[in-house]
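This report concerns only the one structure given below.
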Amino acid sequence: MSRIAAPIDTGAPALAFTHRFVPASATGLPPLLLLHGTGGDENDLLPLGRMLAPGAALLSPRGRVSEAGMPRFFRRLAEGVFDEQDVVRRAHELADFVAEARAAYGLPAPVAVGFSNGANIAAAVLMLRPEILAGAVLLRSMVPLASPPETVLPGTPVLMLSGAMDPIVPRENAARLADQLAARGARVEHRVLPAGHGLTPADMSAARQWLDLHGPAAA
Ligand code: MLT
């Protein structure tokens, strides 16, 4: 990742989330909404976004919740135990930010690429505000809401990549999230990779291939 050129910032307007925006340098690609994991920030996933969809616009907000100084997208009570009221509130805040950013930057609906906590908030946005995302790549995600509303995700493409040895996300939990999304109409591809919670080259190539297939169609 270190060989990838630093993204060019256009100067971010004052929107509700601190964020980075990198304009598109190619046409026909949906923007990526990059959502970092616990302790990350708006800079973390820009190299990943560049690698997954070269030339796509990148919108990368910083989570507004602080856990002992570590940014997150919603509060948790313990590892894997989420404050669901906060999940709902923060998912709506993030959805509103995406709508604001689309107007400010003139963007079509983005495809979310989220890691860990960022993947979990993306899953919550999909189920609470299904019109906001054109698709999602959920890396090491788990169920953010035990009983999400019966919204409709009309064929929204979702790639879930889980780790077979992930110590944070039980296999059953990731499978339950895939079922929740599919039951609401999403076209879910769920793959379990020989990996832990961290990302591997297999994640990169699976996500890139999937975006090549689904990205332009989703724009
Ligand atoms: C979470 O949302 O808490 C994640 O699944 C785990 C983490 O971010 O550390």
Side-chain angles (χ1 to χ4, degrees), residues 1-36 40-63 73 91 94-115 118-119 121-123 125-126 129-139 141 152-161 181 185-189 191 199 201-219:
M1 285 198 205
S2 55
R3 278 179 289 128
I4 290 172
I8 301 159
D9 239 329
T10 52
L15 303 182
F17 280 64
T18 299
H19 67 283
R20 297 280 303 272
F21 174 67
V22 181
S25 59
T27 53
L29 297 169
L32 298 186
L33 174 69
L34 301 172
L35 301 168
H36 63 78
D41 68 18
E42 65 277 21
N43 299 302
D44 275 22
L45 297 189
L46 291 172
L48 177 72
R50 284 252 182 241
M51 187 183 296
L52 293 181
L58 305 176
L59 178 64
S60 186
R62 185 196 306 168
F73 286 96
L94 181 62
D96 291 342
F97 162 74
V98 172
E100 251 188 313
R102 283 186 61 188
Y105 296 119
L107 301 171
V111 172
V113 175
F115 169 64
I121 194 73
V125 170
L126 279 169
R129 298 279 292 273
E131 76 286 2
I132 290 292
L133 298 174
V137 176
L138 306 179
L139 304 163
S141 51
V152 176
L153 287 161
T156 308
V158 176
L159 174 66
M160 277 182 64
L161 296 176
L181 291 166
R187 276 186 292 134
V188 182
E189 182 179 335
R191 291 173 61 183
L199 300 180
D203 287 281
M204 300 302 111
S205 69
R208 188 165 172 164
Q209 274 170 27
W210 185 90
L211 282 166
D212 281 350
L213 276 177
H214 294 89

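Positions are given from 1, in the same order as the sequence printed here.
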How many angstroms lie between atom [atom1] of [X] and atom [atom2] of [Y], to the nearest 0.5 angstrom?
| X | Y | atom1 | atom2 | result |
| --- | --- | --- | --- | --- |
| Leu181 | Leu138 | CG | CG | 6.5 Å |
| Arg50 | Leu45 | CZ | CG | 13.5 Å |
| Ile132 | Asp96 | CD1 | CG | 7.0 Å |
| His19 | Leu33 | NE2 | CG | 11.0 Å |
| Glu189 | Leu159 | CD | CG | 5.5 Å |
| Ser60 | Arg20 | OG | CZ | 8.0 Å |

Heavy-atom closest contact ([X] atom, [Y] atom, distance):
| X | Y | answer |
| --- | --- | --- |
| Phe21 | Ala57 | CE1-CB, 4.1 Å |
| Ala207 | Leu52 | CB-CD2, 3.8 Å |
| Ser141 | Met160 | OG-CE, 3.7 Å |
| His214 | Pro157 | CD2-CB, 3.7 Å |
| Leu29 | Ala56 | CD1-N, 3.6 Å |
| Val125 | Leu94 | CG2-CD2, 4.1 Å |

Is the shortest side-chain heavy-atom distance between [X] and [Y] below 4.5 Å?
| X | Y | result |
| --- | --- | --- |
| Leu133 | Thr156 | no |
| Phe97 | Pro61 | yes |
| Pro110 | Pro30 | no |

(request) Take Phe115 and Asp44, measure what side chain to side chain contact (heavy atoms under 4.5 Å, CB included) needs, and give me the verdict at the end. (result) CA-CA 10 Å; Phe115 169 64; Asp44 275 22; over 6 Å; no

(request) In sequence, state the C-alpha distance, the side-chain angles, and the governing distance for Leu153 and Arg187, and then conclude on side chain to side chain contact (heavy atoms under 4.5 Å, CB included). (result) CA-CA 9 Å; Leu153 287 161; Arg187 276 186 292 134; over 6 Å; no

(request) Tell me, with the steps shown, if Leu59 and Leu34 meet side chain to side chain contact (heavy atoms under 4.5 Å, CB included). (result) CA-CA 6 Å; Leu59 178 64; Leu34 301 172; over 6 Å; no

(request) Please answer whether the main-chain N or O of Met51 pairs with a side-chain N or O of Arg208 as donor and acceptor at a distance below 3.5 Å. (result)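 Present.
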
(message) Closer than 3.5 angstrom, by distance alone: can the side chain of Arg62 be matched with the main-chain N or O of Thr18 as a donor-acceptor pair?
(response)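 Checked: no pair found.
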
(request) Can you label the angle between the Phe73 ring and the His36 ring as parallel, tilted or perpendicular, going by 30° and 60°? (result)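 Because their plane-to-plane angle lies in the 30° to 60° range, the rings of Phe73 and His36 count as tilted.
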
(request) Walk me through it: do Arg102 and Glu100 pass the test salt bridge (Lys or Arg N to Asp or Glu O under 4.0 Å)? (result) CA-CA 5 Å; Arg102 283 186 61 188; Glu100 251 188 313; over 6 Å; no

(request) Take Leu199 and Leu139, measure what side chain to side chain contact (heavy atoms under 4.5 Å, CB included) needs, and give me the verdict at the end. (result) CA-CA 8 Å; Leu199 300 180; Leu139 304 163; 3.9 Å; yes

